[in-house]
Amino acid sequence: MQRASRLKRELQMLSTEPPPGITCWQTEERIDDLRAQIVGGTGTPYEGGLFSLEIKVPERYPFEPPKIRFLTPIYHPNIDNSGRICHDALKLPPKGAWKPSLNISTVLTSIQLLMAEPNPDDPLMADTSSEFKYNKQLFMQTAKKWTEEHAVQKNTGVTESNKENTLDQKASSRKREALHTQQEEEEPTKKNCV
């Protein structure tokens with residue numbers, strides 16, 4: 001019950017006041033299965049890319065962190081080939097820094113920051129980490145190449161997975177707008193606070 005009401009508030013906040021370069025929505029009718037997209041930061045090898053992520057919200061949320069992984073391949077020392085992310089905010093203490101006061105918006109923002117500033121001292125991909133440390137030019141070239149191949153939306157034809165993401169996002173947007181309109185009609189003076 002707590003998870004549902006908390007997620008409802010968070011999703012409303014993410015749709016009305018999303019962090020810069022980040023979008024997040026629920027898939028179908030399942031509130032525990034979310035998708036997000038992060039725009040690659042300016043001045044990073046991910047610039048111009050649109051990276052899709054999957055967010056699974058556990059039953060014990062917010063006392064347990066969400067499980068987040070990249071669906072778009074990304075060349076990064078802290079993200080493996082399966083899209084898993086090595087980040088403190090995604091783990092419970094003592095090894096991690098997750099706490100119930102964090103939310104999906106802050107975690108996505110910290111992942112966006114991790115994309116811009118990798119942490120080679122706590123790598124998930126040892127080879128990529130040593131390349132980042134000792135041959136940064138090669139790392140930048142490879143990361144840029146991966147971004148162009150996997151994350152840049154081409155005008156000539158859309159890949160099937162991106163087409164699905166776009167359709168999912170459009171359907172979710174319509175559902176969100178309908179829900180938002182319905183809520184406004186039902187309770188016009190009540191405001192949600194986080």
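Smallest separation of non-hydrogen atoms from P66 and I104: CG-CG1, 4.4 Å. Considering all non-hydrogen atoms of both residues, L11 and C24 come closest at CD2-SG, 4.4 Å. Minimum heavy-atom separation, L14 to S105: CD2-CB, 3.8 Å. The nearest pair of heavy atoms linking L114 to C86 is CD2-O, 3.9 Å. Nearest heavy atom pair, residue R35 against residue I55, reads NH1-N, 4.5 Å. Taking every heavy atom of both residues into account, I85 and I68 meet most closely at CD1-O, 3.7 Å.
Heavy atoms of other residues, nucleotides or ligands lying less than 6.0 angstrom from NZ of K99 number 12 at most. By the neighbour-count criterion of 12 heavy atoms within 6.0 Å, atom NZ of K136 is sparsely surrounded, having that number or fewer from other residues, nucleotides or ligands. Counting non-hydrogen atoms of other residues, nucleotides and ligands closer than 6.0 Å to NZ of K145 gives a total of 12 or fewer.
Formation of a donor-acceptor pair under 3.5 Å by the T147 side chain with backbone atoms of P45 is found in this model. For T44 (side chain) and Y46 (main-chain N/O), a donor-acceptor pair under 3.5 Å exists by modelled atom type. The closest donor-acceptor contact from the side chain of E47 to the backbone of G43 lies under 3.5 Å. The backbone N or O of P20 lies less than 3.5 Å from a partner atom in the side chain of Q112, making a donor-acceptor pair. In this structure, the side chain of T27 engages the main chain of D33 through a donor-acceptor pair within 3.5 Å.
Remark: P123 pairs with S129 by the side-chain contact (heavy atoms from CB on, under 4.5 Å) rule, at least two apart or across chains.
Contact of the N103 side chain with the R6 side chain is registered, since non-hydrogen atoms from C-beta on lie closer than 4.5 Å. In this structure, the side chains of P19 and L108 stay at 4.5 Å or more apart for every pair of heavy atoms. The shortest side-chain heavy-atom distance between D32 and E59 does not fall under the 4.5 Å cut-off. M115 has its side chain within reach of F51: a pair of non-hydrogen atoms, C-beta onward, lies under 4.5 Å apart. With a 4.5 Å cut-off on side-chain heavy atoms, P77 and E131 do not count as touching. For the pair P73 and N81, the minimum side-chain heavy-atom distance is 4.5 Å or more. Annotation: side chain of I74 is not in contact with side chain of W146 (no heavy-atom distance under 4.5 Å). Contact check for V57 versus I31: no side-chain heavy atoms found under the 4.5 Å cut-off.
Paired with E54 under the rule salt bridge (charged side-chain N to carboxylate O under 4.0 Å, His left out), one option of R69, R30, K67 passes, and it is R69.
How far CD1 of I111 is from CG of N78: 11.0 Å, rounded to the nearest 0.5 Å. Atoms CE and CZ, from M13 and R9 in turn, are 9.5 Å apart once rounded to the nearest 0.5 Å. Distance OG1/T23 to CD/Q37: 4.5 Å, rounded to 0.5 Å. For the atom pair OG of S52 and NE2 of H150, the computed distance is 13.0 Å after rounding to the nearest 0.5 Å. Here the straight-line distance linking atom CG of N119 with atom CG of L113 works out to 10.5 Å at 0.5 Å rounding.
The cluster map of Ile, Leu, Val, Met, Phe, Trp and Tyr, joined by side-chain heavy atoms under 4.5 Å apart, puts W25 and L50 in different clusters. A continuous path of hydrophobic side-chain contacts links L92 to L90 [ILVMFWY only; heavy atoms under 4.5 Å]. Linking ILVMFWY side-chain heavy atoms closer than 4.5 Å, directly or via other members, places L53 and L102 in a single hydrophobic cluster. L34 and I22 fall within a single hydrophobic cluster, where Ile, Leu, Val, Met, Phe, Trp and Tyr side chains are chained together by heavy-atom contacts under 4.5 Å.
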Residue pair M140, K144: steps toward the side-chain contact (heavy atoms from CB on, under 4.5 Å) verdict: CA-CA 6 Å; M140 297 293 272; K144 237 179 231 176; 5.6 Å; no

Assess the residue pair F63 and Q2 against the criterion (side-chain contact (heavy atoms from CB on, under 4.5 Å)); give the C-alpha distance rounded to whole Å, side-chain angles, the decisive distance to 0.1 Å, and a yes or no. CA-CA 10 Å; F63 303 104; Q2 185 172 2; 3.5 Å; yes

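Ring orientation note: the planes of Y61 and W98 are tilted relative to one another, at an angle of 30° to 60°.
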